[in-house]
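In the text below, chain A, chain B and the rest are named by the order of the sequence lines, each starting its count at 1.
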There are 2 protein chains.
Amino acid sequence: IEASDAERARLLTEDLHEADVGAILEQLDAEQRPALIQLLGDAFDFTALTELDEATRVEILEDLPAETVAEGISELDSDDAVYILEDLDSEEREEILAQMPSIERLALKRSLDYPEDSAGRRMQTEFIAVAPFWTVGQTIDLMRESDDLPESFNEVFVVDPAFRFLGRVPLDRLLRSARPVKMGEIVDEGAQIVEATDELSSVARLFQRYNLISAPVVDESRRLVGIMTIDDAVDVIEEEADADIKRLGGVGDEEVSDRVLSIARSRLPWLCINLCTAILASFVIGLFETELQKMVALAVLMPIVASQGGNAGTQTMTVAVRALATRAIGPHNALRVVGRELVVGCINGLFFACIVAGVAVWRFGIADLGVVIAAAMLVNLIAAALAGILIPLVIHRFKFDPAIASGAFVTTVTDLVGFFSFLGFAALWFGFG
Amino acid sequence: IEASDAERARLLTEDLHEADVGAILEQLDAEQRPALIQLLGDAFDFTALTELDEATRVEILEDLPAETVAEGISELDSDDAVYILEDLDSEEREEILAQMPSIERLALKRSLDYPEDSAGRRMQTEFIAVAPFWTVGQTIDLMRESDDLPESFNEVFVVDPAFRFLGRVPLDRLLRSARPVKMGEIVDEGAQIVEATDELSSVARLFQRYNLISAPVVDESRRLVGIMTIDDAVDVIEEEADADIKRLGGVGDEEVSDRVLSIARSRLPWLCINLCTAILASFVIGLFETELQKMVALAVLMPIVASQGGNAGTQTMTVAVRALATRAIGPHNALRVVGRELVVGCINGLFFACIVAGVAVWRFGIADLGVVIAAAMLVNLIAAALAGILIPLVIHRFKFDPAIASGAFVTTVTDLVGFFSFLGFAALWFGFG
């Protein structure tokens with residue numbers, strides 16, 4: 001297909017949805033991607049680029065001439081255009097913007113001026129706004145006659161002469177009203193409003209909470225500047241959950257298309273932190289060298305206590321981090337949740353204390369060893385429960401993201417407490433040294 | 001407020017969105033919730049119940065008389081009604097259904113007959129469908145005059161005489177067409193269709209991929225039976241990501257509102273599996289009792305190798321599980337991804353081998369110990385990379401959910417390989433025994 005057969009390529013992609021074109025681009029080799037886009041010319045819908053990984057997208061855009069990109073982008077809804085442009089470095093962005101018609105350039109620049117991850121970045125600046133004294137009939141006629149409409153829309157906005165947002169009229173309500181009715185009479189004033197500087201993650205929560213399909217975006221003086229649509233909110237929700245999962249797993253913002261070296265580098269910090277934890281734990285073990293020498297059984301059993309604590313701590317932490325992210329834990333129930341985790345820790349601690357004591361006695365035939373390991377297990381599972389819930393809460397309190405840092409702290413606590421309590425109890429009980 | 005002052009309660013909740021009413025219910029004590037709902041009577045919108053945790057919702061419904069519930073539910077859109085009913089046990093469900101008008105009862109029963117987690121369960125059965133020979137004007141008049149319309153809608157469907165789906169007409173297109181135009185002329189036939197038996201998770205992916213706002217749901221004979229809307233898809237996407245996070249963290253489907261005992265129980269399986277892993281690892285250590293006795297340094301250092309491997313494995317696994325869930329890894333790139341992880345494992349393995357060798361030599365002053373631990377670290381990080389990517393791929397291949405089981409297998413591998421390689425290399429190198 002890549003034999004420069006423009007006609008055939010065009011025919012093949014003509015009926016495809018942009019998401020499918022995006023998938024095709026992803027399957028191609030790096031050099032073939034810009035080639036295909038140039039081959040397709042006007043027939044290529046740049047929306048397809050929004051479906052690609054960031055790394056792949058930037059690569060393609062760097063290889064295409066600025067004019068081609070400028071032309072392609074000016075046909076998009078503004079939110080997609082911004083999405084494509086925002087990952088580029090500023091030099092290239094300027095070059096592309098310079099080639100665009102001035103009205104669109106200004107709109108895009110205004111969007112790009114909002115901070116990253118704010119609603120202003122992802123809003124669509126194409127929308128329909130009318131005055132409250134317009135009638136339903138006038139509004140419908142406007143929509144029938146005007147060419148300069150958004151690609152698709154579900155509501156019309158009502159604004160005052162200063163373009164301040166007054167309310168929204170969903171299309172179904174518009175359709176069901178008689179033509180002479182004034183827009184001001186059927187307007188829904190209770191709409192949820194988004195400020196352009198709001199963080200995308202809280203906007204996404206708003207969409208989810210109120211089951212919104214779109215929401216008006218206003219600037220500081222409540223003037224209507226754009227709309228946020230649910231598809232952007234869905235992407236944000238997914239990205240957020242994705243980021244949470246990856247942070248809990250100790251990996252950065254990596255994607256499957258990233259290069260080997262950047263992946264290796266992005267995983268290093270977490271592994272380095274873990275190494276420090278592990279070395280710290282090994283120092284704790286080192287404190288008990290004499291005891292270990294006298295009773296090898298301790299060396300054999302000690303990882304069990306630490307590992308079980310690490311897992312229990314991770315469980316509690318996972319629940320806590322997720323609950324914080326979805327706002328299911330707040331000041332009103334934090335104390336209750338901590339108490340509950342403590343009880344769960346005690347229950348599971350007692351349960352596993354019995355099991356592990358049995359295993360130890362059966363394996364080494366020393367009854368006292370069972371007592372020691374049981375006590376250590378109980379202590380460590382309680383420590384795990386407290387660390388698992390308190391560490392995320394404290395990190396969250398200080399406005400950091402609990403998903404990033406909690407894991408390292410929690411396993412540090414459970415490792416240290418695990419080794420120290422087991423070897424310490426053993427030292428006390430058997431009176432070595 | 002709970003002093004049975006119905007008038008005041010009604011006034012206070014009147015202007016609130018159902019999501020906010022839901023939030024209020026959540027803050028109340030368990031006994032107060034049904035009391036408030038009965039107090040509000042007709043003024044209570046049962047949609048608020050869909051915003052609650054499953055456990056809380058079931059509790060409330062069990063405490064309310066069946067008639068009240070039946071009355072409240074018959075006013076909802078069918079997808080919300082099904083959502084509320086599906087968690088109840090079948091006896092209570094029957095009791096409530098028996099109190100409902102027969103048309104609605106049949107519609108709900110049909111939805112409930114579809115398997116859980118299928119599109120049929122979450123579809124809305126209220127929609128507008130017209131014949132292709134209707135004109136735009138007739139359709140608009142129908143919408144103006146009919147009372148029996150969905151609460152809100154964004155499109156009209158076109159069906160043939162057998163009610164088979166032909167296409168959809170978005171409201172904006174309807175509005176922009178002249179009244180005499182036939183619906184058949186402006187219909188969009190390329191719409192993405194959902195089958196009622198499709199799994200919700202794949203439906204949610206479809207919505208996300210094609211940025212859909214709603215999609216028609218058809219039965220086996222392509223008859224239109226309902227519509228899926230984006231708000232349900234958003235919930236599914238969020239639930240899925242949530243489930244992934246929790247499974248990776250080794251916790252079941254627990255929610256913040258669950259009771260202590262059910263939480264403790266739901267976390268047990270994972271901790272039991274981990275205990276087996278840990279005991280297995282301790283047996284491996286037990287094989288080398290003689291070596292440990294002769295050189296305590298081994299006991300002090302061995303957790304470092306195992307822990308570092310566990311973390312690296314978890315990193316790789318997290319990326320793999322997420323990529324499988326979002327379909328970013330498929331047959332076309334699986335081999336490349338495995339190769340890449342292997343290279344990343346080697347790079348990080350070499351890096352940490354050097355560091356840890358330095359630490360070991362500095363701590364114990366035995367150069368040979370550095371060689372042994374470096375070799376073990378390299379081996380274990382490579383094993384971690386392979387386990388982290390291959391185990392999820394294999395589990396996924398056999399149609400299981402990689403998020404549930406991968407963690408246990410991966411840490412088992414890294415623990416066993418970590419202890420065995422370190423102690424084994426030591427035994428060989430120092431020629432003990």
Side-chain angles (χ1 to χ4, degrees), chain A residues 17 19 140 143-144 152-154 170-172 175-176 208-211 213 230-231 234 237-238 241 244-246 249-251 256 260 263-264 267 271 274-275 278-279 281-282 285-286 289 292-293 296 299-301 303-304 307-308 311-312 314-315 318-319 322-323 328 340 343-344 347-348 359, chain B residues 17 19 140 143-144 152-154 170-172 175-176 208-211 213 230-231 234 237-238 241 244-246 249-251 256 260 263-264 267 271 274-275 278-279 281-282 285-286 289 292-293 296 299-301 303-304 307-308 311-312 314-315 318-319 322-323 328 340 343-344 347-348 359:
Chain A
H17 188 276
I140 294 181
M143 290 192 278
R144 290 223 175 105
S152 74
F153 54 97
N154 301 303
L171 284 194
D172 56 339
L175 267 170
R176 285 146 85 172
Q208 200 183 10
R209 177 169 178 142
Y210 295 107
N211 293 331
I213 286 186
I230 176 85
D231 55 318
V234 172
I237 290 173
E238 172 99 8
D244 264 5
I245 293 180
K246 290 186 175 155
V251 287
V256 172
V260 169
I263 290 181
R267 294 195 192 163
L271 289 173
N274 183 63
L275 186 64
I279 291 175
S282 99
I285 300 172
E289 271 187 42
L292 284 168
Q293 198 123 36
V296 187
V300 175
L301 293 174
I304 298 181
S307 145
Q308 201 69 349
N311 263 273
T314 306
Q315 287 185 328
T318 304
V319 175
R322 246 347 247 175
R340 206 193 50 191
V343 177
V344 171
I347 297 176
N348 282 342
V359 172
Chain B
H17 189 277
I140 294 181
M143 290 192 279
R144 288 220 177 110
S152 73
F153 54 96
N154 301 305
L171 284 194
D172 56 340
L175 268 170
R176 283 144 86 171
Q208 200 183 12
R209 176 169 179 145
Y210 294 108
N211 294 331
I213 286 186
I230 176 87
D231 54 321
V234 171
I237 290 174
E238 170 98 8
D244 264 5
I245 293 181
K246 289 186 176 157
V251 286
V256 172
V260 167
I263 290 182
R267 294 194 191 162
L271 289 173
N274 183 63
L275 185 65
I279 290 176
S282 98
I285 300 173
E289 271 187 42
L292 284 168
Q293 198 124 38
V296 187
V300 176
L301 293 174
I304 298 182
S307 146
Q308 201 69 351
N311 264 273
T314 305
Q315 288 185 327
T318 304
V319 175
R322 247 346 247 175
R340 207 193 50 189
V343 177
V344 171
I347 296 177
N348 283 341
V359 171

TODO: Measure from the side-chain N and O atoms of B:E289 to the backbone N and O of A:V296, and report whether any donor-acceptor pair falls under 3.5 Å.
DONE: no
Task: A:I304 CD1 to B:S282 OG distance, which is reported to the nearest 0.5 Å - done: 4.0 Å
Task: Top contributor to chain B interface from A:N311, A:I213, A:V343 [non-hydrogen pairs under 4.5 Å] - done: A:N311
- [ ] Could you check which of A:I347, A:I237, A:L271, A:V234 has the highest count of heavy-atom pairs closer than 4.5 Å to chain B?
- [x] A:L271
TODO: Would you mind checking which part of A:L171 comes under 4.5 Å of any heavy atom in chain B, side chain (CB onward), backbone (N, CA, C, O), both or neither?
DONE: both
TODO: Would you mind reporting whether A:I140 and B:R176 have side-chain heavy atoms less than 4.5 Å apart?
DONE: no
Task: Part of B:N274 within contact of chain A (heavy atom distance under 4.5 Å) - done: both
TODO: Looking only at non-hydrogen atoms, find the nearest pair between A:R267 and B:V344 and report the distance.
DONE: NH1-CG1, 4.1 Å
- [ ] Under 4.5 Å heavy-atom distance to chain B, tell me which part of A:A312 shows up: side chain, backbone, both or neither.
- [x] both
Open item on the list: Please find the pair of heavy atoms, one from A:Q308 and one from B:L275, that lie closest to each other, and give the distance.
Closed with: OE1-N, 3.5 Å
Open item on the list: Below 4.5 Å, heavy-atom pairs only: which of B:T314, B:L175, B:N154 has the largest tally toward chain A?
Closed with: B:L175
TODO: Measure B:I230 against the heavy atoms of chain A and call it side chain, backbone, both or neither at under 4.5 Å.
DONE: side chain
Task: Winner by heavy-atom pair count (cut-off under 4.5 Å) against chain B, out of A:V300, A:I285, A:T318, A:D231 - done: A:V300
- [ ] Quick one: closest heavy-atom pair of B:A264 and A:N348, and the distance?
- [x] O-OD1, 3.6 Å
